[in-house]
2 protein chains.
Amino acid sequence: MKALSQVGKYGLRAILYLVAYPSENSYMSIRQISDELNLSFHFVTKIFRELTAKGILISYRGPSGGVALARPADQIMLIDVVKALEGEDYFDKCLIGLPHCGTAKPCPVHEFWKETKVKIQQNFTETSLASLSEKIRSQEFRLDE
Amino acid sequence: MKALSQVGKYGLRAILYLVAYPSENSYMSIRQISDELNLSFHFVTKIFRELTAKGILISYRGPSGGVALARPADQIMLIDVVKALEGEDYFDKCLIGLPHCGTAKPCPVHEFWKETKVKIQQNFTETSLASLSEKIRSQEFRLDE
DNA sequence: TTTATTTCGGACTAATTACTCTGAAATTTA
DNA sequence: TAAATTTCAGAGTAATTAGTCCGAAATAAA
């Protein structure tokens, strides 16, 4: 089940690295992140520009510049990043692609799919980048290879 | 959340139409299905060829030919159609795209995502085309517009 | 002030997915 | 047998997504 585009996947991995291995109250360069995760530097740059435009990251140019979280990691939820990269309507899609699928005129799998989306959305809304970064730092969870 | 490709979406809608409005123990033409659902005839034809090759449909050429289910509708599960059109590995994908994400080396969202996939897979495994076709015939659920 | 470093902006190319089209093969009907 | 109807096969085209690249702008350090 391909739930995220490449932009979403790379974006999540990259921002999680940024959160999990923060430079002491300063910016981290995109180059470092893309090198560590073996992702295309240019592609990550493009994705991060989007996250900066959406107010999730802040950036600074020049030597010792880079990117940083715009808010503390416990105040940025998974859902914020996903919606920023995949679109605000991410959880509003009908499984079989009907335009105005809803309670009034549902498709045959509407009810089940709606419940599924609600559960995922709840989890993403409750999960902060901070909680995920702890897992990564604990070495039990990984972001690449 | 775009869980299915266009092939998957159109394929499901088309086969559900076939099941919901069966011609009396005979074949239904792809033209009728694509016309009713306002889908591209050629595209549906291509998708149905795949379902025929996978043993989900049978087909017959010539006048009064068309397609039909290879088995009774209560013996074809949603998961059969989805896997035929989206790939057998449909439920084996890591959310953030890590190659060998599993219990041994999980990504930070592995556990939650695994549970989510299991629930969807269970539902798809339990849901037959027959049960969905009843819903459609009841007029409370739709396949187009 | 010059040079190096970094993000920004956007044009460009490559790959994949989505869809179209044409003709062949099978089959029925006239 | 001839004509009409239908799927089969696969090449071709269009649109979208993925990824690359280059130069400009900002900033820091030499």
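Every chain is numbered from 1 and lettered A, B, ... according to where its sequence line falls, protein lines coming before strand lines. Fair warning: this is a prediction, and the values are worked out from it, not measured in the lab.
The side-chain tip of A/Lys117 does not point at the ring of A/Phe91 from less than 6.0 angstrom away and within 45° of straight on.
Residue B/Ser40 has no polar side-chain atom (N or O) positioned under 4.0 Å from OP1 or OP2 of C/dC19. Dashed line: the shortest gap from a side-chain N or O of A/Tyr10 to OP1 or OP2 of D/dG19 is under 4.0 Å. A sub-4.0 Å separation between OP1 or OP2 of C/dC8 and a side-chain N or O of A/Ser59 is present.
Between B/Leu4 atom CG and C/dT17 atom C1' the separation is 14 Å, expressed in whole Å. The interatomic distance linking A/Arg31 (CZ) with C/dA4 (P) rounds to 16 Å, in whole Å. Put simply, CD on B/Glu50 is 13 Å from C1' on D/dG10, counting in whole angstrom units. In this structure, the CZ atom of B/Arg61 is 13 Å from the P atom of C/dA24, given to the nearest Å. If you measure from atom CE of A/Met28 to atom P of C/dT7, you get 11 Å, rounded to the nearest angstrom. Regarding A/Ile47, its CD1 atom lies at a distance of 14 Å from the P atom of C/dT7, rounded to whole Å. The interatomic distance linking A/Phe43 (CZ) with C/dC8 (C1') rounds to 17 Å, in whole Å. Summarising the geometry, the separation between NE2 on B/His42 and C1' on D/dC8 is reported as 13 Å, rounded to the nearest angstrom.
Salt bridge B/Glu50/B/Lys54: present, at least one basic N to carboxylate O contact under 4.0 Å.
Mapped onto DNA chain C by nearest heavy atom, B/Arg49 and A/Ser64 fall at different nucleotides, with A/Ser64 at the one closer to the 5' end. Between B/Thr45 and A/Gly62, it is B/Thr45 whose nearest contact on DNA chain D lies nearer the 5' terminus.
Nearest nucleotide to the B/Gln6 side chain, out of D/dT6, D/dG19, C/dA18: C/dA18. For B/Pro63, the side-chain atoms get nearest to D/dT5 when compared with the rest of D/dT27, D/dT7, D/dT5.
Residue A/Tyr17 forms a side-chain contact (heavy atoms from CB on, under 4.5 Å) with just one option from A/Asp144, A/Leu37, A/Ile136, and that option is A/Leu37.
When only modelled atom types and interatomic distance are considered, A/Gln75 and A/Ser128 share no side-chain donor-acceptor pair under 3.5 Å.
Residue contacts shown for B/Tyr60 are limited to sugar-phosphate atoms, with no base heavy atom under 4.0 Å away. Among the protein residues, B/Tyr27 comes within range of no part of the nucleic acid, since none of its heavy atoms lies under 4.0 Å from any strand.
No donor-acceptor contact under 3.5 Å links the side chain of A/Lys46 to the base of C/dG9.
With rounding to the nearest 0.5 Å, the separation of OH in A/Tyr27 from CG in A/Leu18 is 11.5 Å.
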